[in-house]
J.: 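Once you've had a glance at the structure underneath, I'll fire off some questions.
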Amino acid sequence: MNGHATAQSGLHFDVIIVGAGISGINSAYHIQDQLPGFSYAILEAREDLGGTWDLFRYPGIRSDSDLFTFGFAFNPWNYSNPIADGPSIKQYIRETAQKYSIDKNILFRHHVSSANWSKADNTWSLAVDADGAPKTLTTRFMIFGTGYYDYKEALQAKIPGLDNFQGQIIHPQFWPEDLDYKNKKVVIIGSGATAITLLPNLANEAANVTMLQRSPTYIQSIPNRTNNRRLSCLLPTGLYHRLQRAIWIQRQRIFFLFCQCFPSISAWYLKLAYDPHFKPNYDPWDQRLCVCPDGDFFASLRSGKANVCTDTIKTVTKKGITLNAGEMLDADIIITATGLKLQIAGGVALTVDGENFDISSKYMWNGVMLQDLPNAAFVIGYTNASWTLGAEATAQCITRIIKTLESRKLVAAVPHVKDQDAPLLQERPMVQLKSTYIIDGPRVFPRASDRGPWLPRDHYGKDIRFATKGNLDDGLEFVQGPSLRLRKKLA
Ligand SMILES: Cc1cc2nc3c(=O)[nH]c(=O)nc-3n(C[C@H](O)[C@H](O)[C@H](O)COP(=O)(O)OP(=O)(O)OC[C@H]3O[C@@H](n4cnc5c(N)ncnc54)[C@H](O)[C@@H]3O)c2cc1C
Ligand SMILES: *[C@@H]1O[C@H](CO)[C@@H](O)[C@H](O)[C@H]1NC(C)=O
Ligand SMILES: *[C@@H]1O[C@H](CO)[C@@H](O)[C@H](O)[C@H]1NC(C)=O
Ligand SMILES: *[C@@H]1O[C@H](CO)[C@@H](O)[C@H](O)[C@H]1NC(C)=O
Ligand SMILES: *[C@@H]1O[C@H](CO)[C@@H](O)[C@H](O)[C@H]1NC(C)=O
Ligand SMILES: *[C@@H]1O[C@H](CO)[C@@H](O)[C@H](O)[C@H]1NC(C)=O
């Protein structure tokens, strides 16, 4: 890309993006596209890009969303299967980064540990561990594309007696490459997307796989192919892909609204596709709805090699699990698919003029920036639609904020709750899902409120409208400073 300083050229960048997952790559595209001439770097702790799709390696790892909406808007998924496996998604992210020369701006093995904002300089200073060597980088604007969970540590599930177990205990986040489950008895604890993916994939080789769930989950079987051959012949390729994406966005939204408006009809519909004795104790979409491609989950149950057991654990023993109803589950391997350890901002310690900044006590401005934190944006996607649709709204909002700083000759933007408004704000959950690991975990997400720019994210159509046309002055304060332009003068 012309005008883009390569990441190697220095220690200061107009914009620094932390994380080379799908959100980081998407943000980088928008910076290049909307702010030509800006220097930027992506700092990535790992050795490769892809984030989630690089980290997770369990058998069958795949998306839960359709790739038409999960993929990049600017480089749409062009295959006919809506569900893709992990390696294909990583490959797609890599090819996209290469196609737009975003890969040249990624610094791998760069872990950011702290970021300090100086009001005097209107600049961020970042402490970075660059492959073992400490480095300080500076920037005007930070974008956190760091996802929502801890990469280094799995959630420690509270399972009574787990220490007694003499077989192997595996967490899906750290799947041993050489794990031999052939002819072994496997118990998967959990009922989320990971458990539902693992069950049919392990059942092929294992002696027996049991998914042990505390409470049932809604699972929707979706065909892993689209059949729009007529449309794809009639329309030019680019238009066809854009239309495909638009259709899937509406499909997700309509299904979500239907579930919210008619919880019992939709519960009935979803249960029809499932075993009649499964009765989730919540309405569809109160927790993330799980999908399975071509009914693989149900086919595996019918084959007799896999089962689902709904009960709670009394204790884990040397050789298996004793349930509260009295049953014993024998196991050689226990897989704890019980959730992730939530984390915002990739564990980066933030300070403003030397004072610690506590993310969970701050309100989020339009789902993009944090109250009292200058020039920093956080890519937090949707949980009841493809994550990346939310990431797209965030990226478009960020570029408009930076353009506004440029055009008004300002140096910083800071969300601010006015003193007279503070007592009026009623707290609302930032993420709507009621999954146990989100409800019971310690507070990590920022706050959302019932009004104004502090409302939680809504849906793609509305959030994109705000990102492109909304009133940025509502809740944002701007700082004047000596430098008129964010961008450094290119030599
Ligand atoms: C198994 C699994 C399946 C999923 N399936 C779906 C799905 O089908 N649909 C959906 O919408 N969502 C899904 N999600 C949620 C998923 O994580 C997001 O959709 C999406 O991949 C997140 O992308 P991201 O770029 O925001 O974050 P991530 O993919 O988590 O990437 C964050 C990156 O930031 C880097 N990083 C973090 N902290 C630092 C630091 N301090 N310094 C430097 N680098 C740092 C990490 O190394 C990582 O590369 C799934 C999640 C999991 C775990
Ligand atoms: C489809 O996308 C892939 C990955 O982005 C790319 O390599 C390929 O050329 C594309 N094919 C078509 C027909 O556009
Ligand atoms: C979906 O279909 C594609 C293309 O046929 C295939 O490669 C992929 O493995 C399928 N995914 C799943 C999870 O079944
Ligand atoms: C940021 O501040 C913290 C705490 O004051 C300090 O430990 C860290 O080294 C600082 N980082 C940089 C890059 O200055
Ligand atoms: C698998 O395990 C379940 C639960 O322990 C048991 O009911 C079932 O009979 C087992 N099936 C086989 C084939 O071992
Ligand atoms: C997600 O949930 C929120 C809160 O319930 C809702 O306002 C929003 O419309 C939902 N998003 C989608 C894409 O349906």
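Counting starts at 1 for both ligands and their atoms, in listed order. Numbers for residues simply follow the sequence, beginning at 1.
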J.: Any nitrogen or oxygen of W53, side chain or backbone, less than 3.5 Å from one on ligand 1?
T.: yes
J.: Can you classify the ring geometry of Y149 versus Y151 as parallel (below 30°), tilted (30 to 60°) or perpendicular (above 60°)?
T.: parallel
J.: Which of the atoms of ligand 1 are close to G51, meaning less than 4.0 Å from one of its heavy atoms?
T.: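 Every atom of ligand 1 under 4.0 Å from some heavy atom of G51: 29 (O), 31 (O), 48 (C), 49 (O).
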J.: If we only count N/O pairs under 3.5 Å, is E44 in contact with ligand 1?
T.: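 For ligand 1, there is an N or O atom that lies under 3.5 Å from one belonging to E44.
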J.: So which bit of F144 gets within less than 4.0 Å of ligand 1, heavy atoms only: side chain, backbone, both or neither?
T.: neither
J.: State whether D85 and R62 are salt-bridged, where the test is any N-O pair (Lys NZ or Arg NE/NH1/NH2 against Asp/Glu carboxylate O) under 4.0 Å.
T.: no
J.: Going by the order shown, which atoms of ligand 1 are within less than 4.0 Å of some heavy atom of L43?
T.: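 In order of numbering, the contacting atoms are 43 (C), 44 (N).
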J.: Indicate the ring-plane relationship of Y92 and W77, choosing parallel, tilted or perpendicular according to the 30° and 60° boundaries.
T.: perpendicular
J.: If the cut-off is 4.0 Å to any non-hydrogen atom of G19, which atoms of ligand 1 fall inside it?
T.: 33 (C), 34 (O), 35 (C)
J.: Atom CD of residue position E355 - does it have more than 12 heavy atoms of other residues, nucleotides or ligands inside 6.0 Å?
T.: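 No - once you tally the heavy atoms of other residues, nucleotides and ligands closer than 6.0 Å, there are 12 at most.
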J.: If you measure from atom 25 (O) of ligand 1 to every heavy atom of S65, G50, S23, G381, which option wins on shortest distance?
T.: S23
J.: Counting heavy atoms only, which of Y148, F56, Y149 comes nearest to atom 15 (C) of ligand 1?
T.: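 Comparing heavy atoms across Y148, F56, Y149, the nearest one to atom 15 (C) of ligand 1 lies in Y148.
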J.: Kindly identify the option in F108, Y58, Y151, F70 whose heavy atom sits closest to atom 31 (O) of ligand 1.
T.: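 Looking at heavy atoms only, the winner is Y151.
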J.: Please could you name the atoms of ligand 1 that I61 approaches to less than 4.0 Å, counting only its heavy atoms?
T.: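 So the answer, numbered in order with elements, is 1 (C).
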J.: For a distance cut-off of 3.5 Å, show me each N or O of ligand 4 paired with any protein N or O, plus the separation.
T.:
from	atom 1	to	atom 2	distance (Å)
ligand 4	2 (O)	N116	OD1	3.1
ligand 4	2 (O)	N116	ND2	2.5
ligand 4	11 (N)	S114	OG	3.2
ligand 4	11 (N)	N116	ND2	2.8
ligand 4	14 (O)	N116	ND2	3.3

J.: Under 4.0 Å from a heavy atom of V348: which atoms of ligand 1 are those, numbered in the order shown and with their elements?
T.: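 Contacts of ligand 1 toward V348, numbered from 1: 41 (N).
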J.: Consider every N or O of D64 and every N or O of ligand 1, then say whether any pair is closer than 3.5 Å.
T.: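 Yes - when backbone and side-chain N and O of D64 are compared with those of ligand 1, one distance drops under 3.5 Å.
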J.: Any N/O of A45 closer than 3.5 Å to an N/O of ligand 1?
T.: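 Yes, since at least one N or O of A45 sits under 3.5 Å from an N or O of ligand 1.
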J.: Which ligand 1 atoms, with their elements, are less than 4.0 angstrom from a heavy-atom of S63?
T.: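 Close to S63: 8 (O).
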J.: Please report whether ligand 1 has a polar contact with G346, defined as an N or O pair separated by less than 3.5 Å (distance criterion only).
T.: yes
J.: Counting each atom of ligand 3 from 1 as listed, which ones have a heavy atom of R62 under 4.0 Å away?
T.: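 Matching atoms, with element in brackets: 13 (C).
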J.: For the 3.5 Å polar cut-off, considering only N or O atoms, please tell me whether W387 and ligand 1 meet it.
T.: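 Min N/O separation from ligand 1 is below 3.5 Å for W387.
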J.: Polar contacts were defined as any N/O atom of the residue lying under 3.5 Å from an N/O atom of the ligand; does this apply to Y382 and ligand 1?
T.: no
J.: With backbone taken as N, CA, C and O and side chain as the heavy atoms from C-beta onward, which portion of V18 lies under 4.0 Å from ligand 1: side chain, backbone, both, or neither?
T.: side chain
J.: Run the numbers for me: atoms of ligand 1, each under 4.0 Å from some heavy atom of G21, listed by number.
T.: 25 (O), 31 (O)
J.: On the 0 to 90° scale, with breaks at 30° and 60°, tag the W387-Y148 ring pair as parallel, tilted or perpendicular.
T.: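 The arrangement is tilted - the two ring planes meet at 30° to 60°.
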J.: Of the listed options (I89, L49, T52), which comes nearest to atom 29 (O) of ligand 1 when hydrogens are ignored and any heavy atom counts?
T.: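 Nearest option to atom 29 (O) of ligand 1, by heavy atoms: T52.
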J.: Can a cation-pi geometry be assigned to R447 and Y363, taking NZ or CZ under 6.0 Å from the six-membered ring centre and within 45° of the ring axis?
T.: yes
J.: Can you check side chain to side chain contact (heavy atoms under 4.5 Å, CB included) on S27 and I17, steps first, answer last?
T.: CA-CA 8 Å; S27 302; I17 300 167; 4.1 Å; yes
J.: Report yes or no: does A193 have a heavy atom closer than 4.0 Å to ligand 1?
T.: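 No; A193 lies far enough from ligand 1 that no heavy-atom distance drops under 4.0 Å.
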J.: Run the numbers for me: atoms of ligand 1, each under 4.0 Å from some heavy atom of S386, listed by number.
T.: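 Answer, ordered by atom number: 11 (O).
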J.: Output yes when the distance from some N or O of ligand 1 to some N or O of V112 is under 3.5 Å, and no in every other case.
T.: yes
